[in-house]
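Notes for the one structure printed next.
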Amino acid sequence: MAILFRILLWLVCLAGVGWFWHAGKFGTATGLALAALSLVVFAWPVSIARRRHNELRYVDMGKEPTGYH
């Protein structure tokens, strides 16, 4: 869900920059710089603490029972 939200937020940011550029409020260099900055913010990694909380963990189930040999 979080990645979907980040993608939608990034698209809204790009659409906003594109609209301001089209309206003449931003120059080409400013529009490209803001679009690049929005990509950097979108690609920013999640914090380490949050990543640790969501990662799968290996659970050791133990050895075989000794009575079944």
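Just so you know, these numbers come straight off a predicted model, no measurement behind them.
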> Does Leu9 have any side-chain contact (heavy atoms from CB on, under 4.5 Å) partners at least two apart in sequence or in another chain, and if so, which?
Replying inline: Phe5

>> In this structure, would Leu34 and Leu39 fall into the same cluster of hydrophobic residues linked by side-chain contacts under 4.5 Å?
In response: no

>> How long is the straight-line distance from CH2 of Trp21 back to CG of Leu32, given to the nearest 0.5 Å?
In response: 8.5 Å

>> With a 4.5 Å cut-off on side-chain heavy atoms, are Ser38 and Leu14 touching?
In response: yes

> Quick one: side chain to side chain donor-acceptor pair (under 3.5 Å) partners of Trp19, sequence neighbours excluded?
Replying inline: none

